[in-house]
Engineer: 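Here it is, the structure, as structure tokens.
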Amino acid sequence: MINYDGRRFHPVTGGGPEESRVAVYHQEGDLLWGEFLGGKARRGALTGTASPDGELDFAYCMVLDDGQVISGHCRSTPKVLEDGRIRLDEVWERFGEHASSGVSTIEELPTQSAN
């Protein structure tokens, strides 16, 4: 079972500006929540659940640099990488005026070592 508490993720974009976005996840039991910022997102939050196999199901909202308010739903499927970090393949949908859908990938950032 994957525990997401305290794990930090960023988009895998091949060096694009969104790669600077960082999300920090928290978990208690099956309850999952997190916050993110960077890239085009001034601030964002997510709330949902984590299943025993590590799959995530959550709603998200964010405010972009241009002031747009975006909300949507995401379902993420984990893959444990050779080095133990987690990669999440995401299927997402945006609602309302900014409606769209797509697939993206985020990957856990390496653990920061204490100096």
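Treat the numbers as computed from the prediction; the structure is a model and nothing was measured. Computation of the quantities below employed the complete heavy-atom set of this structure, encompassing side-chain atoms and omitting hydrogens, waters and symmetry-equivalent molecules.
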Engineer: Do Met62 and Arg94 make a side-chain contact, defined as non-hydrogen atoms from C-beta onward lying under 4.5 Å apart?
Structural biologist: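 The answer is yes; the side chains approach within 4.5 Å.
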Engineer: Kindly write out the residues that satisfy side chain to side chain contact (heavy atoms under 4.5 Å, CB included) with Asp65, not counting sequence neighbours, or none if the list is empty.
Structural biologist: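 Scan of Asp65 (side chain to side chain contact (heavy atoms under 4.5 Å, CB included), adjacent residues dropped) gives Arg42.
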Engineer: Is it the case that one hydrophobic cluster holds both Leu37 and Leu32, taking links as side-chain heavy atoms less than 4.5 Å apart, direct or via other members?
Structural biologist: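 Leu37 and Leu32: separate clusters.
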Engineer: Report the residues that fulfil salt bridge (charged side-chain N to carboxylate O under 4.0 Å, His left out) with Arg7, sequence neighbours left out, ordered by chain and then residue number.
Structural biologist: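 Salt bridge (charged side-chain N to carboxylate O under 4.0 Å, His left out) check on Arg7 returns Glu108.
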Engineer: Could you go step by step and tell me if Glu107 and Arg87 meet the side-chain contact (heavy atoms from CB on, under 4.5 Å) rule?
Structural biologist: CA-CA 4 Å; Glu107 197 169 272; Arg87 172 176 270 185; 2.6 Å; yes
Engineer: What residues, two or more places apart in sequence or in another chain, satisfy side chain to side chain contact (heavy atoms under 4.5 Å, CB included) together with Thr77?
Structural biologist: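 For Thr77 the side chain to side chain contact (heavy atoms under 4.5 Å, CB included) partners, ignoring immediate neighbours, are Glu55.
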Engineer: Shortest non-hydrogen contact from Asn3 to Asp5?
Structural biologist: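 Smallest heavy-atom distance, with atoms named: OD1-N, 2.8 Å.
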Engineer: Between Ser20 and Gly38 (side chain of the first, backbone of the second, donor and acceptor by atom type, cut-off under 3.5 Å), is there such a pair?
Structural biologist: no
Engineer: If you look only at pairs with a residue in residues 22-47, which of them pass as a ring pair (Phe, Tyr, Trp, His ring centres under 6.0 Å), with sequence neighbours excluded?
Structural biologist: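 Those involving residues 22-47 are Phe9-Tyr25, His26-Trp33.
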Engineer: How far apart are the C-alpha atoms of Phe58 and Leu46, what are their side-chain angles, what is the distance that settles it, and do they pass the side-chain contact (heavy atoms from CB on, under 4.5 Å) test?
Structural biologist: CA-CA 6 Å; Phe58 59 84; Leu46 61 94; 3.6 Å; yes
Engineer: Rounded to the nearest 0.5 Å, what separates atom CD1 in Ile2 from atom CG in Leu56?
Structural biologist: 8.0 Å
Engineer: Not counting sequence neighbours, which residues clear salt bridge (charged side-chain N to carboxylate O under 4.0 Å, His left out) with Asp57? List them please.
Structural biologist: Arg75
Engineer: Taking all atoms of both residues into account, what is the closest heavy-atom pair of Ala41 and Leu64, and its distance?
Structural biologist: CA-CD2, 4.2 Å
Engineer: Could you state the interatomic distance from OG1 (Thr47) to CG (Leu31), rounded to the nearest 0.5 Å?
Structural biologist: 7.5 Å
Engineer: For Arg43, give me all partners under salt bridge (charged side-chain N to carboxylate O under 4.0 Å, His left out), at least two apart in sequence or on another chain.
Structural biologist: none
Engineer: What's the shortest heavy-atom distance between Ser76 and Glu90, and which atoms?
Structural biologist: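 Minimum heavy-atom separation between Ser76 and Glu90: OG-CG, 3.3 Å.
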Engineer: Would you say the side-chain atoms of His98 and Gln68 include a donor-acceptor pair closer than 3.5 Å?
Structural biologist: yes
Engineer: Would Trp92 end up clustered with Val63 when hydrophobic side chains under 4.5 Å apart are linked, directly or stepwise?
Structural biologist: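 No.
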Engineer: Taking Tyr4 for the side chain and Val24 for the main chain, is one N or O donor matched with an acceptor at less than 3.5 Å?
Structural biologist: no
